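Working notes, beginning with the structure itself.
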Amino acid sequence: MRKVLIPTKLDKFAATMLSDRGYNVVLDGATPLADLVKANSDAEVLIVRSEKITPEIIDLLPQLKLIVRAGAGFNTIDIKYARKHDIDVMNTPGANSNAVAEEVVAMMLAASRHLIPADISTRKGDWEKSKFMGRELTGKTVGILGLGHIGQLLVKRLAGFEMKVLGYDPMLSPALADKLGVELTTVDRIFAESDFVSLHIPENDETRGMVNRRLFEMMKPGAMLINCARAGILNEEDLRAVKAEKKIVFCNDVYAKDAAGEKSVADIADIMLPHLGANTHEANFVAAKRAAEQTIAYFEQGITNCVVNKALPDGLDGKYQKLAYVLASLTNAYLGKDNNPNRIETSFYGELAKYAKWMTPPIAAGIAAEFAADQGPADAEHFLAETGIELVNREVDNTKHYGEAMSIDLFVGGNLIYKAGARGTITENNLMISRLNDFDQLYLEPSGHHLFVEYKDEPGVIGRIAGILGEKNINIIDIRAPQDLKSGLSLTVVKTNVEVPDMLIQKIREAVKASKAFQFTYLP
Ligand SMILES: NC(=O)c1ccc[n+]([C@@H]2O[C@H](COP(=O)([O-])OP(=O)(O)OC[C@H]3O[C@@H](n4cnc5c(N)ncnc54)[C@H](O)[C@@H]3O)[C@@H](O)[C@H]2O)c1
Ligand SMILES: O=C(O)CC[C@@H](O)C(=O)O
């Protein structure tokens with residue numbers, strides 16, 4: 001019986017549904033997380049809300065296969081560590097979005113009409129009608145950053161106020177924006193022209209701290225900023241610095257840590273709530289129901305569409321990532337250790353074009369041993385940018401009929417640009433390097449130890465290489481010998497049964513006056 005641990009205050013419906021289906025469920029929202037995890041170390045599934053799921057918690061659950069975040073944001077879960085341990089993490093997209101959209105409308109109205117301080121004052125016996133002069137929503141401009149489940153619902157819920165809606169979300173198609181009545185624009189224009197700005201983006205490496213002083217300084221005096229997304233996307237110090245001068249009204253639902261105690265935003269927040277966005281009976285029920293349904297579908301039907309830490313996107317065969325690694329590392333070996341690339345150009349043919357970003361981690365790993373290939377595309381892009389390597393994905397000409405193939409070219413900068421590149425594909429389920437530089441028709445299956453020797457074409461060279469290897473009892477398993485007719489160069493690639501020692505490579509280099517001689521080993 002699979003054990004499901006629900007260490008949070010989640011609607012009982014999830015526990016009931018899973019128990020009815022034969023799962024062994026422990027639902028306990030009172031015991032501290034670490035204690036509960038230690039007492040249930042045989043759990044295979046963890047269903048959580050905003051609890052922090054750290055490597056330490058994951059290490060206490062050696063049989064864990066699945067973490068379900070009953071909600072949208074999964075920044076509280078170490079999804080990379082989970083991936084390393086073969087644990088899938090999923091969220092329940094859209095389950096609580098209506099609750100958040102309604103909370104935003106409530107904040108807009110409450111702050112615009114001073115409902116909270118006016119209530120406190122009137123209860124006290126004061127009559128401060130003139131102090132609480134309000135503003136109306138109708139006809140104003142609202143700017144929405146992030147138009148996913150919540151952002152889109154917010155547009156619909158605000159429809160009655162006849163507002164002009166500006167939006168920014170790289171994933172929203174112009175057609176859908178049109179249908180929703182959203183004018184897609186830049187982040188800068190949203191901040192500069194809106195009377196109300198509402199944030200609905202996830203917190204991740206890309207968005208952390210992105211709502212900063214530069215944007216606050218653009219805001220209209222007296223405009224309202226609403227953060228029901230995540231604390232980390234907004235730079236609190238920057239807001240503090242400009243809030244008084246710009247008279248920004250700030251409504252906040254989210255904190256670095258969900259816990260009782262003083263809140264650092266207290267001095268700049270006009271309304272602050274204890275992370276109430278999803279806190280409705282309806283949202284709690286829907287999130288619980290989805291979490292249970294998704295768990296059952298995951299184990300019983302293998303449905304993984306809500307997994308957020310996939311190593312591979314649906315539809316991509318992992319062999320293509322191996323190929324990208326091999327092409328990048330072979331080309332890098334060809335350039336030699338004194339020639340560090342400063343630009344990578346890639347071409348992905350056929351269906352591979354839509355998976356281009358998933359090739360960036362293996363390419364980065366292929367040219368830099370310090371980058372681990374199991375990291376995600378954003379990590380790889382960040383690593384390349386930090387290392388000063390430009391990545392350009394070229395438009396491809398699919399009329400060449402290369403099928404699902406890829407080319408990777410590395411450039412060494414400076415005034416004199418030096419370039420090397422390789423193309424490959426998968427044939428009969430094996431990696432196949434079809435070209436290295438202008439040596440077409442290489443058709444090399446790269447597994448094992450390969451000695452690459454490039455030289456001015458002349459007869460007898462392959463025999464000399466074989467002789468030197470034979471003297472040392474090194475067995476030749478396969479030989480490829482393509483020519484580059486334009487440059488008059490030949491390339492001999494010898495697959496050997498063992499690694500060829502450096503001294504022997506040097507001997508071969510001298511014996512055949514090679515322009516290149518290096519070993520390339522790939523052990524899949
Ligand atoms: N306060 C709460 O209780 C509460 C409840 C639910 C969700 N949330 C937070 O709200 C966030 C959004 O929730 P959702 O359900 O709408 O998620 P979602 O995934 O449906 O939508 C997020 C949208 O943000 C867009 N986006 C990502 N990076 C962006 C960027 N740099 N610029 C512009 N757009 C970007 C995405 O393309 C996506 O469309 C969640 O990640 C979560 O952190 C808070
Ligand atoms: O579970 C909650 O109450 C908060 C959930 C919310 O922040 C989310 O990202 O879904």
Side-chain angles (χ1 to χ4, degrees), residues 6-11 14 29 47-53 68-77 79 89-107 143-157 166-173 176-177 180 182 184-191 197-212 215 226-234 251-259 271-288 290-291 305-306 308 378 381:
I6 311 181
T8 188
K9 288 192 172 61
L10 185 66
D11 192 293
I47 300 182
V48 293
R49 289 178 69 187
S50 301
E51 292 72 24
K52 255 195 160 8
I53 305 302
V68 185
R69 197 299 187 219
F74 46 85
N75 58 309
T76 38
I77 302 171
I79 57 170
V89 178
M90 49 171 78
N91 65 352
T92 59
N96 56 25
S97 39
N98 188 59
V100 184
E102 288 190 12
E103 181 191 49
V104 174
V105 179
M107 281 175 158
I144 303 178
L145 192 57
L147 285 143
H149 289 88
I150 298 171
Q152 289 184 32
L153 265 181
L154 177 60
V155 177
K156 290 186 187 159
R157 298 295 171 260
L166 300 178
Y168 174 75
D169 188 322
M171 300 308 285
L172 188 76
S173 69
L176 183 53
L180 288 164
V182 175
L184 285 179
T185 184
T186 59
V187 176
D188 285 8
R189 190 169 156 233
I190 286 178
F191 277 80
V197 177
S198 198
L199 309 175
H200 299 291
I201 55 175
E203 180 185 334
N204 54 38
D205 291 348
E206 194 194 317
T207 61
R208 205 161 291 122
M210 87 178 251
V211 182
N212 58 18
L215 295 172
I226 299 160
N227 187 7
C228 293
R230 283 295 180 265
I233 63 177
L234 181 150
C251 302
N252 184 61
D253 190 39
V254 283
Y255 307 85
K257 199 169 164 216
D258 277 13
I271 292 183
M272 47 192 279
L273 304 176
H275 201 161
L276 287 188
N279 216 43
T280 64
H281 291 293
E282 295 88 342
N284 197 260
F285 172 76
V286 177
R290 291 269 180 81
N305 59 321
C306 292
V308 295
E381 279 161 26

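Just so you know, residue 1 is the first one in the sequence shown, and it goes up from there. These numbers were taken from a predicted model, which means no experiment stands behind them. All ligand and atom numbering here is 1-based and tracks the order in the structure.
For atom 7 (C) of ligand 1, the nearest non-hydrogen atom of the protein is Ile150 CD1, 3.4 Å. Of all protein heavy atoms, the one closest to atom 37 (O) of ligand 1 is Asp169 OD1, 2.7 Å. Protein heavy atom closest to atom 32 (N) of ligand 1, with residue, atom name and distance, is Tyr168 CE2, 3.4 Å. For atom 21 (O) of ligand 1, the nearest protein heavy atom (residue, atom name, distance) is Gly148 CA, 3.2 Å. The protein atom (non-hydrogen) at minimum distance from atom 35 (C) of ligand 1 is Ile201 CG2, 3.4 Å. The protein non-hydrogen atom at the shortest distance from atom 6 (C) of ligand 1 is Asn96 OD1, 3.3 Å. For atom 22 (C) of ligand 1, the closest non-hydrogen atom of the protein is His200 O, 3.7 Å.
Inclusion of Thr207 in the set of residues having an N or O under 3.5 Å from an N or O of ligand 1 is not warranted. Looking at ligand 1, you'll find an N or O of Ala278 within less than 3.5 Å of one of its N or O atoms.
Rounded to the nearest 0.5 angstrom, Thr8 OG1 and Arg69 CZ are separated by 8.5 Å.
Shown here, atom 19 (O) of ligand 1 is out of close reach of the protein: none of its heavy atoms lies under 4.0 Å off.
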Write out each pair where an N or O from ligand 2 and one from the protein are under 3.5 Å apart, with the distance.
unit_1, atom_1, unit_2, atom_2, d
ligand 2, 1 (O), Arg49, NE, 2.9
ligand 2, 1 (O), Arg49, NH2, 3.4
ligand 2, 3 (O), Arg49, NH2, 2.7
ligand 2, 7 (O), Arg230, NH1, 3.1
ligand 2, 7 (O), Arg230, NH2, 3.1
ligand 2, 7 (O), His275, NE2, 2.7
ligand 2, 9 (O), Gly73, N, 2.7
ligand 2, 9 (O), Arg230, NH2, 2.7
ligand 2, 10 (O), Ala72, N, 2.6
ligand 2, 10 (O), Asn96, ND2, 2.8

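Residues that satisfy the side-chain hydrogen bond (donor to acceptor under 3.5 Å, both in side chains) test with Asn98, not counting sequence neighbours, are Glu102, Arg157.
With atom 27 (C) of ligand 1 as the reference point, the heavy atom nearest to it among Gly146, Ala283, Pro202 is part of Pro202.
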